[in-house]
There are 2 protein chains.
Amino acid sequence: MASLTRVIENYINNLFSEMDEQAVSLRRKELAEIFGCVPSQINYVLRSRFTPERGYIVESQRGGHGYIRIFRLCYDIPEERINHIEEIVGDAVTDQEAKRLLTSLQERGMIDSRERILIEVALRHADELGSSEFDVSPYKRNAIQAELLKRMLRSLALA
Amino acid sequence: MASLTRVIENYINNLFSEMDEQAVSLRRKELAEIFGCVPSQINYVLRSRFTPERGYIVESQRGGHGYIRIFRLCYDIPEERINHIEEIVGDAVTDQEAKRLLTSLQERGMIDSRERILIEVALRHADELGSSEFDVSPYKRNAIQAELLKRMLRSLALA
DNA sequence: ACGCCATTGGTCAGCATTAGTCAATGCGAA
DNA sequence: TTCGCATTGACTAATGCTGACCAATGGCGT
């Protein structure tokens, strides 16, 4: 049996297919009425399914003329690529390994210099926070960095 | 259906495009008559759309030859961009504030959609770690997010 | 010069409307 | 049975818009 969440997720995905657009617009209340659920159910679907990690950006506005807009960055993420990322990064990466990987990705034209800088800054921030603020073990810090790195690379859906 | 505020915002933006100027002048009462609304609606548009955060300064004068002038600021020099980032991010940002900020930066062409998604993933990751792994207070999490956001945007400002 | 007053913009509180949050609860698969 | 995802709804926050009231400016009559 398909959960309501899954049904709504499919409904939204169909909107993307039908429209063949980069973005779809919704009204939370309307959608909730269509599926006979409370409005906050829609928030759950968005939070759990249309995340930046999966290549989606959600914008919304409350009040009169309110709306929810979902943007997708990529059409479909090839399973191979994700596994590939998983494989390359693994469960933990040292700063050096991360840098080497990013250099290689940049050389292959999969990320540009600005994207590389963003990733490096985020990794460094996570590491600093782990060491100075929360006293996390070096291995655990590498694991956290690996997780962050994987999420950022996945979100870009390298093609 | 577009909100009146959005319509007036577009009207003013068109003035900027047509004039190709750094500033445009308005008369509050005239504009209100054009759009069939109360004059204070114009103030609302200015307050909510032509803010310093979005790169505008508004000056006005009452009485006899009253006017409203809107200046569009440009941030050509990296240092100006960095100061601007410092101002608009501040010491703490909620998720929503961060999202709004990124939307506006993207509209202004200061970041593209891939860069935006990288930033959102990094912020989300930091917030998740703070809330589930290290049990950090909500305010502190917002401070951490602000710091991360500023670092990422600063690094782009220099790139 | 002075001061009234027409003219022009600003502020604020309130209402309607729309979305977000969070903690409690339900429920299904392992 | 237990664990984790799914669902609910009461409470909260943000946005758009209006209208009554406030403030500043400059010209004109004296």
Side-chain angles (χ1 to χ4, degrees), chain A residues 1-12 24-51 53-54 57-70, chain B residues 1-12 24-51 53-54 57-70 92-101 103-104 120 123-124 127-128 130-132 135-139 141-142 145:
Chain A
M1 140 169 183
S3 69
L4 221 205
T5 295
R6 215 172 300 265
V7 173
I8 298 175
E9 180 187 5
N10 288 335
Y11 176 87
I12 294 174
V24 300
S25 282
L26 309 171
R27 307 192 130 249
R28 190 178 80 146
K29 199 176 165 191
E30 274 182 17
L31 210 53
E33 274 165 9
I34 290 174
F35 293 103
C37 62
V38 293
S40 59
Q41 174 78 17
I42 308 303
N43 294 88
Y44 179 74
V45 176
L46 297 175
R47 205 176 47 240
S48 60
R49 301 293 197 273
F50 295 89
T51 63
E53 288 88 343
R54 296 188 184 196
I57 291 290
V58 175
E59 287 180 5
S60 64
Q61 188 171 76
R62 310 184 196 188
H65 307 97
Y67 61 81
I68 294 175
R69 252 199 293 275
I70 310 172
Chain B
M1 152 168 120
S3 71
L4 181 55
T5 296
R6 184 72 66 180
V7 172
I8 298 174
E9 179 190 5
N10 288 336
Y11 177 86
I12 295 174
V24 301
S25 284
L26 309 171
R27 308 192 130 251
R28 191 177 80 145
K29 198 176 167 189
E30 273 182 20
L31 211 53
E33 274 165 8
I34 291 175
F35 294 103
C37 62
V38 294
S40 60
Q41 174 75 20
I42 307 303
N43 295 88
Y44 179 73
V45 175
L46 297 175
R47 199 185 342 129
S48 60
R49 301 295 199 271
F50 295 88
T51 62
E53 179 184 298
R54 297 184 181 208
I57 293 289
V58 175
E59 79 172 25
S60 63
Q61 189 172 73
R62 312 184 193 189
H65 301 90
Y67 61 83
I68 294 175
R69 255 200 289 276
I70 308 173
V93 284
T94 63
D95 290 15
Q96 283 203 339
E97 284 167 345
K99 270 184 164 293
R100 215 183 35 217
L101 210 54
T103 298
S104 116
E120 292 213 6
L123 290 178
R124 222 175 126 88
D127 203 49
E128 267 182 37
S131 68
S132 62
D135 199 35
V136 179
S137 77
Y139 180 77
R141 289 208 303 273
N142 288 344
Q145 284 200 84

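Numbered from 1 within each chain, the chains take letters A, B, ... in sequence-line order. What you are looking at is a predicted structure, and each value in this text was computed from that prediction instead of being measured.
- The shortest side-chain heavy-atom distance between B:Glu53 and B:Arg100 falls under the 4.5 Å cut-off.
- Both B:His65 and B:Val38 sit near DNA chain D, but only B:Val38 has its closest nucleotide nearer the 5' end.
- Atom OH of A:Tyr67 and atom C1' of D:dG16 are 13 Å apart (whole Å).
- Between the CZ atom of B:Phe50 and the P atom of C:dG9 there is a distance of 17 Å, given to the nearest Å.
- At whole-Å resolution of the value, CD in A:Gln41 and C1' in C:dG26 are 12 Å apart.
- Remark: A:Arg6 is not in phosphate contact with C:dG28, judged by side-chain N or O atoms under 4.0 Å from OP1 or OP2.
- Taking atom CG of residue B:Leu31 and atom P of nucleotide C:dT8, one finds them 14 Å apart after rounding to whole Å.
- Heavy-atom nearest nucleotides on DNA chain C were determined for A:Gly63 and for B:Leu26, and the one closer to the 5' end corresponds to B:Leu26.
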Pairs of donor and acceptor atoms involving the side chains of residues 44-51 of chain B, under 3.5 Å and at least two apart or interchain, shall be tabulated with distances.
| unit_1 | atom_1 | unit_2 | atom_2 | d |
| --- | --- | --- | --- | --- |
| B:Ser48 | OG | B:Tyr44 | O | 2.7 |
| B:Arg49 | NE | B:Glu9 | OE1 | 3.0 |
| B:Thr51 | OG1 | B:Arg54 | N | 3.3 |

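- No side-chain heavy atom of B:Leu31 sits less than 4.5 Å from a side-chain heavy atom of B:Ile68.
- Where A:Arg49 and A:Pro39 each meet DNA chain D at their nearest nucleotide, the meeting point lying more 5' is that of A:Arg49.
- The CD-C1' distance, from B:Glu33 to C:dG9, rounds to 14 Å in whole Å.
- No donor-acceptor distance shorter than 3.5 angstrom exists from the side chain of A:Ser40 to the backbone of A:Asn43, with no hydrogens or angles considered.
- B:Lys29 has its NZ atom 15 Å from the C1' atom of D:dT25, to the nearest Å.
- Phosphate proximity of D:dT7 to A:Tyr44: absent, as no side-chain N or O sits under 4.0 Å from OP1 or OP2.
- At least one donor-acceptor pair under 3.5 Å links the side chain of B:Lys99 to the backbone N or O of A:Val58.
- Whole-Å rounding puts the A:Glu30 CD to C:dA19 C1' distance at 13 Å.
- Using a 4.0 Å heavy-atom criterion, one finds that B:Leu4 contacts the sugar-phosphate atoms exclusively.
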N/O-N/O pairs, protein side and nucleotides 20-23 of chain C side, under 3.5 Å:
| unit_1 | atom_1 | unit_2 | atom_2 | d |
| --- | --- | --- | --- | --- |
| C:dG20 | OP1 | A:Ser60 | OG | 3.0 |
| C:dG20 | OP2 | A:Asn43 | ND2 | 2.6 |
| C:dG20 | O4' | A:Arg62 | NH2 | 3.1 |
| C:dG20 | N7 | A:Arg28 | NH1 | 2.8 |
| C:dG20 | N7 | A:Arg28 | NH2 | 3.1 |

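- Of the residues B:Asp95, B:Asp135, B:Asp127, the one that meets the salt bridge (Lys or Arg N to Asp or Glu O under 4.0 Å) test with B:Arg141 is B:Asp127.
- A:Gly66 comes within contact range of the sugar-phosphate backbone alone, with a heavy-atom separation under 4.0 Å but no base atom that close.
- When rounded to the nearest whole Å, the span between CZ of A:Phe35 and P of D:dA6 equals 15 Å.
- Under the 3.5 Å distance criterion, with hydrogens and angles disregarded, no donor-acceptor pair is assigned to the side chains of B:Thr94 and B:Gln145.
- Remark: B:Thr5 is in phosphate contact with D:dC17, judged by side-chain N or O atoms under 4.0 Å from OP1 or OP2.
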